[in-house]
Amino acid sequence: MNSTTNSEKLFTEAKSLFPGGVNSPVRAFKSVGGNPIFIKKGKGSHIWDEDGNEFIDYCCSWGPLILGHANDKVLENVSQTMQNGTSFGAPTKLENELAKLILTFNTYIQKIRFVSSGTEAVMSAIRLARGYTKRNKILKFEGCYHGHVDSLLVKAGSGLVTFGNSSSAGVPDSFVNETITVPLSNKEAVSKAFEKYKNEIACVIIEPVPANNGLLLLGKEFLTFLREICTQNGTLLLFDEVISGFRMSFCGAAGLYNIKPDIVTYGKIIGGGFPVGAYGASKEIMSSVSPEGDVYQAGTLSGNPVAMAAGIAQLTQCLQPDFYAQLEEKTNYLVDGIMKVNAFPLLKFFKLGSIFWLAFTNKEQIATAEDIDANSMAYFKVLYHELLKQGVYMGPSGYEVGFISAAHTKEDLDKTIKAFEIAIKKLA
Ligand SMILES: *Cc1c(COP(=O)(O)O)cnc(C)c1O
């Protein structure tokens with residue numbers, strides 16, 4: 001990496017324009033220190049900053065870019081579509097096409113509604129769960145992120161089953177009081193919550209592959225348990241697959257584990273790099289959504305044709321044979337390669353499919369948020385800046401995971417292993 005003068009100038013200007021200089025907090029580099037890199041362009045697995053530095057990218061826009069940057073077929077479909085206008089606020093054929101592409105291969109849902117972000121998908125899905133069940137309370141897990149929905153910006157209080165505290169100013173206690181928070185992987189806590197709030201819980205929301213607070217390896221058994229206890233209690237099981245959807249498999253984590261949730265939310269990959277989210281469920285549950293039912297939900301730019309075109313082009317490529325197996329192979333190659341040259345015993349990798357997470361820990365497994373040692377982030381900080389110097393870009397926080405895209409080549413992975421080898425030496 002050469003100079004970062006242009007990024008620094010742009011960040012100084014940005015700070016006068018946006019809170020903290022950014023339009024989404026983690027971009028500000030606060031947890032790794034230093035200034036954010038301003039990106040000028042991307043192609044395939046590589047990005048270039050405003051100073052002309054080149055990086056191999058493992059952030060991939062936080063997950064959406066499963067084909068890498070500026071994928072030819074996505075660009076072609078987008079540019080063709082936008083010649084005919086960019087938004088109508090009336091139905092277009094492209095919405096049908098993307099929906100059919102998803103519903104044909106995804107047997108877990110029968111109908112879908114497109115929205116414009118993951119947060120919006122979750123917010124709408126929660127309203128649907130409440131409207132359908134005529135219940136108010138929701139149960140979430142400590143360590144899962146579901147976007148910046150008011151009632152989900154909740155951190156656990158002390159105790160096994162709690163109404164947590166809001167994790168953001170501006171969220172009234174009265175909202176938080178409808179959200180029950182329990183630790184991940186804790187069956188006892190879930191059972192207790194169901195005993196205590198019998199017939200009150202509208203839905204249990206979970207990231208079936210929790211990947212927003214490290215990669216917390218959960219496994220099938222706990223999800224199966226949730227499926228059963230939800231069914232027994234007339235509670236809907238909501239898989240928030242905004243990050244795992246079209247990533248763990250075409251049918252997300254539901255497909256990976258073959259567990260049928262009642263409602264699923266998507267985002268990130270579904271829009272091919274454009275702002276798209278979606279929620280889906282059975283025909284019966286979805287019939288509660290307006291204008292068919294009485295759960296109101298709408299969006300001026302929902303199902304935007306340009307975004308639909310990007311999604312169609314991206315998801316079509318995800319359906320190619322062995323697509324997911326190849327991603328996983330690359331991930332294994334990278335992680336195994338780094339572990340071979342790893343000279344720092346605390347550095348461990350956790351991975352699933354094409355998601356990987358590096359942590360500094362003595363533990364063999366990290367299954368809950370409490371297992372993550374906040375002090376270990378000091379190591380991540382050092383490693384992060386060394387990797388940048390070596391031309392490797394990752395999400396600027398030790399709590400964030402890395403993503404492998406179809407565009408990452410063996411040469412990229414070999415270079416990355418080399419970069420890690422050098423960077424790890426700085427840790428000792
Ligand atoms: C990213 C994410 C969200 C929020 O999506 P946005 O598009 O950022 O609003 C919600 N849930 C999960 C699991 C996510 O990974």
Side-chain angles (χ1 to χ4, degrees), residues 22-28 58-66 112-129 138-155 167-168 171 179 181 184 203-218 223 226 237-249 251-257 261 263-280 297 299 301-304 307 310-311 314 352-357 369 395-397 399-403:
V22 289
N23 287 298
S24 193
V26 71
R27 296 178 196 172
Y58 293 96
C59 178
C60 296
S61 188
W62 303 101
L65 303 180
I66 198 165
I112 194 162
R113 169 64 64 84
F114 292 118
V115 294
S116 300
S117 73
T119 295
E120 198 187 348
V122 170
M123 182 184 82
S124 310
I126 297 273
R127 187 181 306 135
L128 172 58
I138 59 177
L139 186 147
K140 82 173 281 276
F141 295 91
E142 185 73 359
C144 286
Y145 175 70
H146 302 292
H148 64 95
V149 180
D150 278 332
S151 59
L152 292 167
L153 289 176
V154 179
K155 53 178 187 287
S167 58
S168 165
V171 177
T179 305
T181 310
L184 266 174
C203 71
V204 168
I205 180 169
I206 189 164
E207 280 183 81
V209 175
N212 279 286
N213 187 55
L215 179 65
L216 303 174
L217 294 170
L218 193 61
L223 295 170
L226 292 182
L237 179 60
L238 199 172
F239 275 6
D240 179 2
E241 298 235 40
V242 171
I243 209 164
S244 55
F246 311 100
R247 165 82 48 194
M248 301 321 305
S249 75
C251 301
L256 176 71
Y257 296 124
I263 308 181
V264 193
T265 53
Y266 298 112
K268 299 197 167 105
I269 291 173
I270 200 174
F274 282 77
V276 181
Y279 62 101
Q297 187 270 307
L301 292 171
S302 291
N304 174 270
Q314 175 145 285
L352 192 60
S354 54
I355 300 180
F356 67 88
W357 178 52
S397 159
Y399 290 93
E400 302 290 349
V401 297
F403 299 97

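Counting starts at 1 for both ligands and their atoms, following the listed order. Note that the coordinates shown come from a computational prediction; the quantities given were computed from them, not determined experimentally. The first residue in the sequence is number 1, and the count goes up from there.
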*Would you tell me whether Glu120 and Ser117 have side-chain atoms, one donor and one acceptor, within less than 3.5 Å of each other?*
no
*For Tyr145, take its heavy atoms, then give the atoms of ligand 1 lying under 4.0 Å from any of them.*
11 (N), 12 (C), 13 (C)
*Measure the shortest side-chain to side-chain distance between Trp62 and Ile243 over non-hydrogen atoms and say whether it is less than 4.5 angstrom.*
no
*asked:* Using 30° and 60° as the class boundaries, would you call the ring planes of Phe246 and Tyr266 parallel, tilted or perpendicular?
replied: tilted
_Minimum distance, heavy atoms only, to atom 4 (C) of ligand 1: which one of Pro275, Gly267, Ser24, Gly147 is it?_
Gly147
_Show the atoms of ligand 1 that are less than 4.0 angstrom away from any heavy atom in Asn212._
12 (C), 13 (C), 14 (C), 15 (O)
_So which atom in Cys203 and which in Ile126 form the shortest heavy-atom distance, rounded to 0.1 Å?_
SG-CD1, 4.1 Å
*Provide the number and element of each atom of ligand 1 under 4.0 Å from a heavy atom of Ile243.*
15 (O)
*For atom 3 (C) of ligand 1, what's the nearest protein heavy atom and its distance?*
Val242 CG1, 3.7 Å
*If only atom types and distance count, is the side chain of Ser61 paired as donor or acceptor with the main-chain N or O of Pro64 below 3.5 Å?*
no
*Do Gly118 and ligand 1 have an N or O pair less than 3.5 Å apart?*
yes
*Select one of side chain, backbone, both or neither to describe which atoms of Glu207 lie under 4.0 Å from any atom of ligand 1, heavy atoms only.*
side chain
*asked:* On a heavy-atom basis, I'd like to know which of His146, Glu120, Met123 is closest to atom 10 (C) of ligand 1.
replied: His146
*N/O to N/O below 3.5 Å, does that happen between Thr119 and ligand 1?*
yes
_Between Arg247 and Gly63 (side chain of the first, backbone of the second, donor and acceptor by atom type, cut-off under 3.5 Å), is there such a pair?_
yes
*In terms of atom number and element, which parts of ligand 1 are under 4.0 angstrom from non-hydrogen atoms of Lys268?*
1 (C), 2 (C), 3 (C), 14 (C), 15 (O)
*Just by modelled atom types, is the Ala254 backbone N or O under 3.5 Å from a matching donor or acceptor in the Glu241 side chain?*
yes
*Nearest to atom 11 (N) of ligand 1 by heavy atom, Thr265, Asp240, Val209: which?*
Asp240
*Going by distance alone, is a donor N or O of one side chain under 3.5 Å from an acceptor N or O of the other, for Arg127 and Gln297?*
no
